[in-house]
2 protein chains.
Amino acid sequence: MNVSHAARRSGLPAKTIRYYEEIGLIRPDRAANGYRDYSADDIHRLAFLKRARGLGFSIDECRQLMALYGDRGRASHDVRQIARSHVDAIGEKIRELETMRATLTRLIHACHGDERPDCPILDDIAGDVRH
Amino acid sequence: MNVSHAARRSGLPAKTIRYYEEIGLIRPDRAANGYRDYSADDIHRLAFLKRARGLGFSIDECRQLMALYGDRGRASHDVRQIARSHVDAIGEKIRELETMRATLTRLIHACHGDERPDCPILDDIAGDVRH
DNA sequence: ACAGAGGTTCACACTGGCGTGAACGCAGAG
DNA sequence: CTCTGCGTTCACGCCAGTGTGAACCTCTGT
C-alpha cells in the first residue's frame, strides 16, 4: 500500500505521513521500486495518530501514547495521567481565549464603528485610556 | 534609549523587539555607536504591539492595527472589522478546544486508571470502540 | 592605563507541523 | 514510444519567536 493509498485510508495528507516517518513515528517497509509500503498495522497507527492529534495531543504526547498502546504490560494509570494533564492544558488555553474574547467584545461594543476616526479599540490597545 | 531599556519599558523581551524591527514593525534610530536608540514614540508602539499580541492578534493584524492607529483619517469601522473577525476566530478556537476537552473528559472518566493494561482511552483513540 | 563584567551588535540554527516547489523516477494508457 | 499522473527525494518557507555564539562597545574599579 503506497503513500497516497495510506493517505486515503488514514485520512492524513501524504505529506504529513512522510513527515511522521521522518520524525520516527512510523517505519513503513519499502517496495522494490523504493516506494513506501504501508501494512494494515501502519494504517492503524496513522489513524491512531490522526485521532490523537485531533484531540490536541502534541507529537511528543502522541509518541508516548503510541508507545503505551504498543506496550501490552502498560498501566492504564499512565495513559490517564497524560490525558489529565492535557485536559488541564486545554482548560488553561480556553481560559486565556475567553479572557481575550471578553476584552475584545467589550471594546467592540464601545466602538461606534462608523467613518469617524475616533476608536476606543485602538485607544485601549495603545493604552490611551480616557474616561 | 537602548534595547534593554526599551525592553523594560515595554515589557517585551529584547530579542522580540529586535525581531519586530527585522520584520518592519518598528524602525528605531541608531546611536553613533550603532546601538538601537528608541524614542518615547517607539516605546509606545512596542507597548501597543505587546497589548495587541496579548489579545491574540497575529503579527499581520498588528501591522494593520498599527497602520490604522497612525492614520489620522482612519474610519473606526475598519478597526472594528478586524476586531470582529478576530473575535469570531477566537470563538471558533474555543469551540474546538471545548469539543476536545469534552471527549477527553469522557474518556478519562471511563478509564479506571489502575495498574491493569486495559484502557478505554487508548482503545478509543485507536478506533477499537467496543461496547 | 588596563582588566573584567556586562551590554549590544549580527548571524545563524532551531522549534512544530506541516505546505510548497523543483527535479527526477516509475506505471499504466493510448 | 510517448504522455500523463502518480511516486520519490531534497530543500526551502511559514509563524512568532527563542537560543547560541563571536565580536564589539561601555562602564567601573584599581
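Protein chains get the first letters and strands the later ones, always in sequence-line order, with residue 1 at the start of each. Values below: every heavy atom of this structure, side chains too, minus hydrogens, waters and symmetry copies.
When the nucleotides C/dC26, D/dT9, C/dT8 are ranked by their closest atom to the side chain of A/Y35, C/dC26 comes out on top. Nearest nucleotide to the A/Y19 side chain, out of D/dT18, C/dC18, D/dT9: C/dC18. Checking C/dC18, D/dT18, C/dT8 against the side-chain heavy atoms of B/P13 singles out D/dT18 as nearest. Checking D/dT18, C/dC10, D/dA16 against every side-chain atom of B/R30, the shortest atom distance belongs to C/dC10. Minimum atom distance to the side chain of B/S4 is reached by C/dG7, of the listed C/dG7, D/dA16, C/dG16.
For B/K93 and D/dC15, the NZ to C1' distance is 14 Å, given to the nearest whole Å. Atom-to-atom, NE2 of B/H5 to C1' of C/dT8 comes out at 16 Å; the value is rounded to the nearest Å. The CG atom of B/N2 sits 16 Å away from the P atom of C/dG6 (whole-angstrom rounding).
Nearer to the 5' terminus of DNA chain D, by closest-nucleotide assignment, is the contact made by B/S58 (compared with the other of B/S58 and B/N33).
At a threshold of 4.0 Å, the pair B/E22-B/R36 does not count as salt-bridged, since none of the basic side-chain nitrogens sits closer than that to a carboxylate oxygen. Under 4.0 Å is where a charged nitrogen must lie from a carboxylate oxygen, and between A/R95 and A/E92 at least one such pair does.
Looking at B/K15, its side chain comes within 3.5 Å of the base of D/dG19 through a donor and an acceptor atom.
When each of A/L55, A/D78, A/I82 is tested with A/L65 by the rule side-chain contact (heavy atoms from CB on, under 4.5 Å), just one qualifies, namely A/I82.
The shortest distance between the side-chain N/O atoms of B/T16 and the OP1/OP2 oxygens of D/dT18 is below 4.0 Å.
Nucleic acid contact for B/R18: base, since at least one base atom lies under 4.0 Å from a heavy atom of the residue.
A/I43 and A/Y35 are assigned to two separate hydrophobic clusters, defined by single-linkage of ILVMFWY side chains at heavy-atom distances under 4.5 Å.
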